[in-house]
Visitor: 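To start, I am sharing the structure in question, which I have written as structure tokens.
The chains referred to below are lettered A, B, ... by the order of the sequence lines, with proteins before strands, and numbering in each begins at 1. Below, all heavy atoms of this structure are taken into account, side chains as well, without hydrogens, waters or symmetry copies.
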Amino acid sequence: MSEAASHHDDHHDHHPSGLMRWLTTTNHKDIGTLYLLLALVMFFIGGAMALVIRAELFQPGLQFVQPQFFNSMTTVHALVMIFGAVMPAWTGFANWMIPMMIGAPDMALPRLNNWSFWILPFAFTLLLSTVFMPGGAPAGGWTMYPPLVLQTGAAFPFLIFAVHFMGASSIAGAINVIVTVFNMRAPGMTLMKLPLFVWTWIITAFLLIASIPVLAGAVTMLLTDKFFGTSFFSAAGGGDPVMFQHIFWFFGHPEVYILILPAFGIISAIVPTFARKPLFGYSSMVYASAAIAFLSFIVWAHHMFTVGMPLAGELFFMYTTVLIAVPTGVKVFNWVATMWHSSMTFETPMLFALGFIVLFTIGGFSGLMLGVTPVDFQYHDTYFVVAHFHYVLVTGAVFSLIAATYFWLPKWTGHMYDEKLGKLHFWLSVISVNVLFFPQHFLGLAGMPRRIPDYSVQFADWNMISSIGAFVFGFSQLLFVVVIWKCVKGGEKATAQVWEGAHGLEWTLPSPPPYHSFETPPEPSTIEGGMR
Amino acid sequence: MEPDSRQAANRRTARKLLLVTCVMFGFGYALVPLYNVFCEVTGLNGKTGRLNEAQAAALTVDEDRLITVEFVTNVNAGMPWEFRPMVSKVQVHPGAETVVEFEATNFAQWPVTGNAVPSVSPNTAARYFSKTECFCFTQQHLDAGETRQMPVRFVVDPKLPEDISTLTLGYTFFESLQPDETAEAADPPRS
Ligand SMILES: [Cu+2]
């Protein structure tokens with residue numbers, strides 16, 4: 001996207017052109033673009049799988065696919081969306097924006113940066129190739145619980161190594177972000193002046209390096225259980241399959257904040273811009289994010305209330321889980337307080353941000369319901385859980401990613417996007433996504449189980465409505481591609497500030513920004529001016 | 001900062017973070033023994049206790065209380081054994097040692113080695129249920145067609161909470177992944 005940007009300051013880099021340029025690039029903007037493109041492609045691949053699932057569930061009975069393939073779709077859809085779409089998209093935004101936001105010329109470790117991106121296409125080639133293998137793709141769920149996952153056929157080692165590669169990539173990306181923010185900030189850019197997107201990403205990066213290695217350990221144990229005669233999770237050899245669930249969710253709960261914390265940073269950038277008011281409660285946002293990160297490591301067993309825990313354990317995990325609502329509530333109140341008595345306008349990024357605040361909060365509330373042990377016994381493994389995590393991940397993480405794209409697209413390309421199409425994209429998305437996921441709450445409460453291709457007839461109506469919503473939502477996202485494409489190709493010239501209420505160092509650079517962001521650090525007065 | 005010193009600082013920070021990554025990878029593995037120790041200390045997960053004869057004999061028998069102990073047996077999918085308790089339940093006084101027999105038959109045309117994994121429910125009672133002798137302490141090797149009776153000697157701790165009057169002892173036989181011919185001498189897979 002930025003190759004049109006001037007190369008006037010390329011005094012120490014020589015750039016090959018064409019494919020080699022992208023393979024060998026160490027530039028933070030190029031790598032950010034690559035990450036975002038990969039995420040977009042994966043979003044559509046994962047989305048196509050979701051539509052296979054919703055097509056099969058349109059009516060009771062088996063219509064289109066075999067149960068085994070259906071289960072492959074739910075499994076691979078989850079892995080692709082989590083590790084292929086949302087996580088790389090966040091790393092893409094980190095690459096593009098963090099150096100510009102902290103007044104640095106580039107990321108701290110550019111070669112590592114190149115590696116951490118180029119591992120990913122290999123990882124996803126490994127994972128997606130399993131769909132065409134005899135025995136099929138992994139179908140035991142993205143949580144990979146043994147002993148079921150050990151029944152995976154030839155795809156099993158591909159699954160494990162794909163997870164290893166994705167993990168290695170995200171750890172490398174996280175290390176890069178931390179080193180960049182700790183060592184590359186412009187003079188005068190103190191920690192408590194960092195934009196919240198940088199803060200939430202730093203906390204995310206620490207979550208990544210603390211939790212992804214634990215996942216790597218867990219899947220390595222699965223691998224040695226399957227092929228090398230260990231029995232970590234095999235009762236026959238003295239192991240325990242429930243132990244896998246503990247280790248997996250020790251990673252898995254921090255993982256959900258890895259997916260959503262940067263979204264809090266995005267919303268904290270967009271709402272003040274379009275409300276034309278400084279963010280309410282900046283420091284409480286920082287402390288709330290840190291509190292959420294800490295709590296995320298001591299709540300994991302709320303995913304496994306039904307395995308048979310003693311009362312004390314269930315109470316502990318219930319209370320700590322419900323406690324997370326406090327710092328999360330602080331954030332939502334801060335956003336609302338920022339908008340209070342402000343002069344808001346409703347451009348597309350703001351619309352998606354407002355959609356996020358309302359719908360993510362609904363997802364948060366259903367999460368609270370699931371965190372309450374006695375009722376979780378009823379909700380566990382039903383569509384209520386599916387509705388909950390799609391509210392926090394689709395109308396949460398994905399909406400904020402879309403909002404962020406609209407927000408910074410003029411900065412990246414130097415052109416304004418088509419506001420009419422953007423608004424159409426928002427209204428189609430926000431209506432269809434609720435038609436898609438809201439009925440799943442009812443299905444779950446009525447007892448419809450997850451991950452089953454068929455269902456009893458009393459669930460038929462809501463499933464049909466949900467599937468209609470899914471197809472409208474899925475195809476609406478093609479509009480997003482059209483808007484991006486048009487914006488890259490041309491359009492009204494964007495100013496440096498782009499949005500009237502925008503503050504922060506990235507808006508002091510021209511649109512599109514130069515290839516290297518801040519060759520000379522910005523003046524401390526510019527940093528003060530960027531503070532809101 | 002000079003570019004060179006900044007690069008050195010970057011590498012130092014990156015190395016520290018890499019170290020954290022490696023420590024956390026190790027921590028994932030450390031969760032395995034931690035988990036087992038945690039379960040043994042708390043008796044969670046239905047893991048039962050083990051006593052020697054002297055310890056069991058030292059318990060005082062509570063003649064006023066009768067506890068019902070039920071037996072449940074399972075054979076893991078695909079294992080060619082039949083496995084059952086000789087009695088489905090017994091009534092015992094806390095503190096008194098009791099012996100019950102279980103019987104396993106290998107229907108296969110080949111020898112099979114199995115591990116029995118015990119579990120007590122309710123799991124809060126597991127720490128009060130101890131065995132002094134059990135076929136689950138070692139692997140069991142049955143020749144083709146062989147039938148064997150196997151004793152379990154257990155004692156219920158008199159400190160068992162008042163509100164518990166029925167315990168269920170479950171066993172599941174798993175085909176051993178590493179058949180061990182010197183099973184009797186080997187470490188017990190599970191206590
Ligand atoms: Cu969780």
Visitor: Could you state the interatomic distance from CG (Asn95(A)) to NE2 (His28(A)), rounded to the nearest 0.5 Å?
Guide: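 The CG atom of Asn95(A) sits 8.0 Å away from the NE2 atom of His28(A).
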Visitor: Keeping Thr73(B) on the side-chain end and Tyr171(B) on the backbone end, is there a donor-acceptor pair under 3.5 Å?
Guide: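 The answer is no, because no donor-acceptor pair under 3.5 Å joins these two groups.
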Visitor: Can you tell me if Thr230(A) and Asp225(A) form a side-chain donor-acceptor pair at under 3.5 Å?
Guide: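 Their side chains do contain a donor-acceptor pair, which is all the 3.5 Å distance test asks for.
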Visitor: Determine, for Glu146(B) against Arg148(B), whether the closest basic-nitrogen to carboxylate-oxygen distance falls under 4.0 angstrom.
Guide: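 A salt bridge links Glu146(B) with Arg148(B).
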Visitor: Is Tyr29(B) close to chain A through its backbone or its side chain, or both, or neither, when contacts mean heavy atoms under 4.5 Å?
Guide: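 Both backbone and side chain of Tyr29(B) come within 4.5 Å of chain A.
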Visitor: Considering only heavy atoms, which portion of Leu109(A) lies under 4.5 Å from any heavy atom of chain B: side chain, backbone, both, or neither?
Guide: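 Side chain of Leu109(A) only, per the 4.5 Å heavy-atom cut-off to chain B.
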Visitor: Which bit of Thr220(A) is near chain B, if near means a heavy-atom gap under 4.5 Å: side chain, backbone, both or neither?
Guide: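 Both backbone and side chain.
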Visitor: Keeping the roles fixed (side chain from Ser296(A), backbone from Ala293(A)), state whether a donor-acceptor pair exists under 3.5 Å.
Guide: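 At least one qualifying donor-acceptor pair exists.
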Visitor: Which one, Phe250(A), Phe182(A), Phe251(A), Phe206(A), leads in non-hydrogen pairs under 4.5 Å with chain B?
Guide: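 Most heavy-atom pairs within the cutoff with chain B belong to Phe250(A).
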Visitor: Give a yes-or-no answer on whether the side chains of Tyr35(B) and Asp240(A) include a donor-acceptor pair shorter than 3.5 Å.
Guide: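 Looking only at side-chain atoms, Asp240(A) and Tyr35(B) do form a donor-acceptor pair, the distance falling under 3.5 Å.
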Visitor: Let me know if Ile171(A) has heavy atoms under 4.5 Å from chain B in its side chain, its backbone, both or neither.
Guide: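 Only the side chain of Ile171(A) comes within 4.5 Å of chain B.
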Visitor: Between Asn10(B) and chain A, which part of the residue has a heavy atom less than 4.5 Å away: side chain, backbone, both or neither?
Guide: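 Asn10(B) touches chain A through backbone and side-chain heavy atoms alike.
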Visitor: Would you mind checking which part of Ala108(A) comes under 4.5 Å of any heavy atom in chain B, side chain (CB onward), backbone (N, CA, C, O), both or neither?
Guide: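 It is both, since atoms from each part get that close.
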